[in-house]
Amino acid sequence: MLTSREELDAELGEAARAWLDAALAEAADDAARSQTAADDAARSDAAAGGAARSGAAADASRTAASPYASPSWELRYAAAGRHCGQRHADSVRSLLLVEARAPLASVTRLYDQGTAAERRAVLLTLHLLDLGDTALPLVEDALRANDTRLVAAAVGPYAAEHLAPHAWRHAVLKCLFTEVPVAAVARLADRARGDTELARMLTDFAAERTAAGRPVPEDLRTALALTAPAGHPAPPTAAPAPTEES
């Protein structure tokens, strides 16, 4: 779970707080410069009789100036664990992304070049950034991984909002395959309700486990129960697998 700035201030030491203050100031400064550049470009377009550019102009202005250099706050992002402790690293990195109003280019670079912990922080923060569905490739990549920390982070609010039904159903199954608790799946009850295809997939998975003499995870039963339409009983699962005693 991410920690607020106020909670971090109460838990971090003086040196870590000073480092965080400087890091967030750099992120905010980069965001302000980018917004100013985007506003100037929009005014120039309007003066020339062209249509004003959208918020994507901020992204373009950041990459056009120097397509190879990373802003200083991105370097801070990588160093968050060393300066604020691994326990707070996710929260610190998330604050940096939000403060910088991180564009897709930065988010993608930090994910592609980052460690598993740095990738997780990106995934945990996507729903707080103004990216629309453009960051879905990052979620899809994480769901192909076998790192349960990434899988759990990938099925958060951003996936709940943007993943297409087919991909979302497979994300739920991925959690069951990798033993990630389905409680990690944001808005599971909302999206599962009345989803007959998800119910079929879960029932088939339960039948496969039972036929192989393996137990049906309780989380599968939980997810399957949620697929019932409002006011209807949950579909049955396969009979429990026999135990050695039976």
Side-chain angles (χ1 to χ4, degrees), residues 1-4 7-8 11 77-78 80-81 84-98 102 104 106-129 131-193 195 197-199 201-202 205-206 208-209 214-227 237:
M1 180 178 295
L2 297 176
T3 304
S4 70
E7 292 169 317
L8 282 173
E11 296 181 19
Y77 181 93
C84 298
Q86 295 301 325
R87 184 165 69 91
H88 300 300
D90 280 346
S91 298
V92 170
R93 288 172 176 141
S94 181
L95 287 172
L96 282 169
L97 290 168
V98 172
L104 181 62
S106 288
V107 169
T108 301
R109 180 165 51 243
L110 291 171
Y111 181 89
D112 287 345
Q113 299 178 3
T115 63
E118 291 163 23
R119 291 183 170 199
R120 181 178 65 246
V122 166
L123 295 166
L124 290 172
T125 312
L126 289 177
H127 67 292
L128 301 175
L129 304 173
L131 297 172
D133 64 359
T134 60
L136 273 177
L138 307 185
V139 172
E140 293 163 351
D141 178 82
L143 289 172
R144 289 191 293 268
N146 291 320
D147 188 327
T148 55
R149 297 169 301 171
L150 296 183
V151 174
V155 293
Y158 186 84
E161 180 70 22
H162 296 291
L163 267 184
H166 179 75
W168 182 81
R169 293 180 191 116
H170 280 277
V172 174
L173 281 179
K174 178 76 173 192
C175 288
L176 294 171
F177 283 132
T178 57
E179 299 184 355
V180 170
V182 294
V185 182
R187 290 177 46 201
L188 175 62
D190 291 340
R191 291 202 59 166
R193 186 175 298 113
D195 191 334
E197 178 60 16
L198 177 61
M201 294 167 69
L202 293 172
F205 181 42
E208 291 171 6
R209 301 267 307 186
R214 302 177 67 189
V216 175
E218 189 60 35
D219 264 3
L220 188 151
R221 302 180 192 279
T222 298
L224 186 59
L226 293 173
T227 64
T237 57

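The chain is numbered in sequence order, starting from 1. Treat the numbers as computed from the prediction; the structure is a model and nothing was measured. Keep in mind that the numbers below use all heavy atoms, side chains included, and drop hydrogens, waters and symmetry copies.
With sequence neighbours excluded, the residues satisfying side chain to side chain donor-acceptor pair (under 3.5 Å) with Glu197 are Arg200. A search for side chain to side chain donor-acceptor pair (under 3.5 Å) contacts involving Asp147 returns Arg149, not counting sequence neighbours. Listed by chain and number, the residues in a side chain to side chain donor-acceptor pair (under 3.5 Å) with Ser94 are Thr125 (sequence neighbours excluded).
Considering CG of Leu224 and CG of Leu220, their distance stands at 6.5 Å, rounded to 0.5 Å. Here the CG atom belonging to Leu188 is positioned 10.0 Å from the OG1 atom belonging to Thr227, to the nearest 0.5 angstrom.
Checked by atom type and distance alone, the side chain of Tyr158 pairs as donor or acceptor with a backbone atom of Ala135 at under 3.5 Å. Side chain of Arg191 to backbone of Ala160: a donor-acceptor contact under 3.5 angstrom is found.
Taking every heavy atom of both residues into account, His162 and Leu136 meet most closely at O-CD1, 3.6 Å. When all heavy atoms are compared, the tightest approach of Leu150 to Ala116 is CD2-O, 3.5 Å. Summarising the geometry of Ala154 relative to Ala159, their closest heavy-atom pair is O-CB, 3.1 Å, with the distance given to 0.1 Å. Annotation for Asn146 and Lys174: closest pair OD1-NZ, 3.7 Å, computed over non-hydrogen atoms. Heavy atoms only, all atoms of each residue included: Val180 and Ala152 are closest at CG1-CB, 3.8 Å. What you find for Leu131 and Ala102 is that their closest heavy atoms are CD2-O, 3.8 Å.
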Might you work through the side chain to side chain contact (heavy atoms under 4.5 Å, CB included) test for His88 and Leu8, ending with a clear yes or no? CA-CA 8 Å; His88 300 300; Leu8 282 173; 3.6 Å; yes
Under the criterion side chain to side chain contact (heavy atoms under 4.5 Å, CB included), I'd like the reasoning laid out for Met201 against His170: C-alpha separation, chi angles, the key distance, then a yes or no. CA-CA 9 Å; Met201 294 167 69; His170 280 277; 3.8 Å; yes
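Here the options are Leu110, Val139, Thr108, Leu129, the test is side chain to side chain contact (heavy atoms under 4.5 Å, CB included), and the partner is Val122; only Leu110 passes.
With contacts defined as side-chain heavy-atom distances shorter than 4.5 Å, the pair Val155/Leu143 qualifies.
Electrostatic pairing of Glu161 and Arg187 counts as a salt bridge here, judged by a charged N lying under 4.0 Å from a carboxylate O.
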